[in-house]
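Here is the structure we will look at, set down as structure tokens.
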Number of protein chains: 2
Amino acid sequence: MPKGPTKRRPQTTARLLEAAQETFAERGFYGSSIEVICERAGLTRGAFYSNFRTKEDLFFALFDLHGQRVVDRLTQAVDELDTAEDPLRTVLTRMGALDETERRWYLLSTEFTLHAIRHPDTARTLAEHDRRLREEIVRLLAGLFDRLGRRPTVDLDSLARLTTAVHEGSLAQSLVEPDQLAPEELAVTYLPMLVDLVSEPVAPGP
Amino acid sequence: MPKGPTKRRPQTTARLLEAAQETFAERGFYGSSIEVICERAGLTRGAFYSNFRTKEDLFFALFDLHGQRVVDRLTQAVDELDTAEDPLRTVLTRMGALDETERRWYLLSTEFTLHAIRHPDTARTLAEHDRRLREEIVRLLAGLFDRLGRRPTVDLDSLARLTTAVHEGSLAQSLVEPDQLAPEELAVTYLPMLVDLVSEPVAPGP
DNA sequence: TGTATCCCATACGGTGTTGTATCGTGAGGG
DNA sequence: CCCTCACGATACAACACCGTATGGGATACA
């Protein structure tokens, strides 16, 4: 007799998550009813309420998934730094490289952020998830400085906030005027200068 | 026997518009049902459907009202240019000066823009309203260059697009990090340089 | 003041969505 | 092979909201 979760359960949640991703992309967060998401997953609402508490729960699960993907991608980029000629540019370009997935995620997360602004409880939860993601980014930044043979002179958490702001700000503008501004342009132009500014060589020159 | 609209009608629409403004501010566009808006206005849905076709109609009415207020404010600023010492800075500061109203409008219009992205018909209507507003801004810019004794060397419509983008982009960032960035800072810093770049004196120096 | 017209309130039918309570099925340990 | 629990399906009750059709009170003009 089953004591823990069965093998079927993770498959069910995976199907719900994928259906949610697609539905959110097409209709947005508000526009996606739980019912339609379940329908798309080939399940019923019973399955949903067995796996998630609310639609917001579903979003946060997607949030974590997406964050993990981004972190993995950047981690790999940092790990491959040695072989590149212009290492920083490589990382940044990879950071700005936007597939359709990233664009849709921006739209969704923006909508959800606006929602959170009007709902303090949700905002607190969102801030907590943001914080956890930023921890990963701090880890990444530390690794990056290490690879570059430099030691940061500022708080890495604030630096993580800044890079995130630049990334999302650029994204917003390039979505508004795709022909005028490439998504990675601002980051590639300004962030390298910044790196020099906020760090010093580990072993100062002779 | 009344042949045209009666005196009561404009009062009713005004009450609806004000109630909508407040409700949208508190709950956002999606979160505001027509019913709640009418309730707040002390009216019933009958009044609404007699004055507007859809909730989107209501938004666009607010859009026009807000646009008109902004244009009026800037027009006044341009008209008072002569007496100021640093004319351009005056206009820009006034443009960036954000009261709470402006902040709420940003949240609302952002949410509505996301909505429009997913609904092409709405997007077309929004683009049309944007266009009309931009016409006013072009008029303003023309007046500004005139006052400055300069002649623009670029298309004023594209310049209007740019200033709008800078304005909204700054707003977004200053909302995300209020302590890090004043709303008018970017505009005040960069736009004056730009003005020189895209215009020439009407009467070149001897 | 009468009265034609306007305009908002009311009432109605309908749809979509939510959360829960209950049931049946099948997975998986004994 | 069988028994038991997990888990998703189903059924249910309630709610919120929408759009319309209609009636009556308010309004403006003679």
Side-chain angles (χ1 to χ4, degrees), chain A residues 1-61 108 111-112 115 118-119 121-122 125, chain B residues 1-20 22-62 108 111-112 115 118-119 121-122 125:
Chain A
M1 49 292 255
K3 283 163 194 157
T6 61
K7 196 178 64 176
R8 174 169 56 150
R9 195 165 178 76
Q11 295 172 355
T12 305
T13 70
R15 283 168 65 189
L16 282 172
L17 285 173
E18 185 169 343
Q21 200 173 16
E22 296 168 0
T23 309
F24 284 157
E26 288 175 10
R27 315 195 184 196
F29 182 75
Y30 277 97
S32 303
S33 70
I34 294 174
E35 203 153 26
V36 169
I37 294 171
C38 294
E39 206 169 307
R40 182 165 207 146
L43 297 165
T44 64
R45 292 208 330 287
F48 175 85
Y49 285 107
S50 171
N51 283 272
F52 300 93
R53 214 172 43 83
T54 63
K55 195 166 68 171
E56 298 188 353
D57 269 17
L58 196 55
F59 170 83
F60 284 122
L108 176 56
E111 182 187 354
F112 192 84
H115 165 70
R118 321 233 188 232
H119 298 84
D121 287 1
T122 306
T125 309
Chain B
M1 50 290 257
K3 285 163 194 160
T6 64
K7 195 178 66 179
R8 175 171 52 151
R9 194 163 179 76
Q11 294 173 355
T12 304
T13 69
R15 282 167 66 188
L16 282 171
L17 285 172
E18 186 169 344
E22 296 168 0
T23 309
F24 284 157
E26 288 175 10
R27 313 196 184 196
F29 183 75
Y30 277 98
S32 303
S33 69
I34 294 174
E35 204 152 25
V36 170
I37 294 172
C38 295
E39 207 170 307
R40 182 164 208 147
L43 297 166
T44 63
R45 293 207 328 287
F48 175 85
Y49 285 106
S50 170
N51 283 272
F52 300 93
R53 213 172 44 84
T54 63
K55 195 167 68 170
E56 297 188 353
D57 269 18
L58 196 54
F59 170 83
F60 284 121
L62 286 178
L108 176 57
E111 182 188 353
F112 191 85
H115 165 71
R118 319 229 188 235
H119 298 84
D121 286 2
T122 306
T125 308

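Note that the structure is predicted; figures quoted are calculated from it, not measured. Proteins get letters first, then strands, A, B, ... in listed order; numbering begins at 1 in each.
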Side-chain N or O of [X] less than 4.0 angstrom from OP1 or OP2 on [N]?
X      : N       : value
T12(B) : dC8(C)  : yes
T44(A) : dG8(D)  : no
N51(B) : dC7(C)  : no
R53(A) : dG19(C) : no

In whole Å, what is the span from the [atom1] atom of [X] to the [atom2] atom of [N]?
X      : N       : atom1 : atom2 : result
E39(B) : dC8(C)  : CD    : C1'   : 16 Å
K7(A)  : dG8(D)  : NZ    : P     : 14 Å
L16(A) : dC7(D)  : CG    : C1'   : 12 Å
Y30(B) : dC17(D) : OH    : P     : 16 Å
Y49(B) : dC12(C) : OH    : P     : 18 Å

So which one's nearest nucleotide on DNA chain C is more toward 5', G46(A) or P10(B)?
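It is P10(B) whose nearest nucleotide is closer to the 5' end.
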For DNA chain C, whose closest nucleotide is more 5', that of A47(B) or that of G4(B)?
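Per heavy-atom nearest nucleotide, the more 5' residue is G4(B).
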Hey, mind stepping through E26(A) and R118(B) against salt bridge (charged side-chain N to carboxylate O under 4.0 Å, His left out) and telling me if it holds?
CA-CA 7 Å; E26(A) 288 175 10; R118(B) 319 229 188 235; over 6 Å; no
Centroid-centroid under 6.0 Å between F60(A) and F112(A) rings
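Yes; F112(A) has its ring centre under 6.0 Å from that of F60(A).
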Within a radius of less than 6.0 Å around CZ of R27(A), do more than 12 heavy atoms belonging to other residues, nucleotides or ligands occur?
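Atom CZ in R27(A) is not packed in, count stays at 12 or less.
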Any donor-acceptor pair, under 3.5 Å, between the side chain of R45(A) and the base of dG19(C), if you only look at N and O atoms?
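Answer is yes: a donor-acceptor pair is held.
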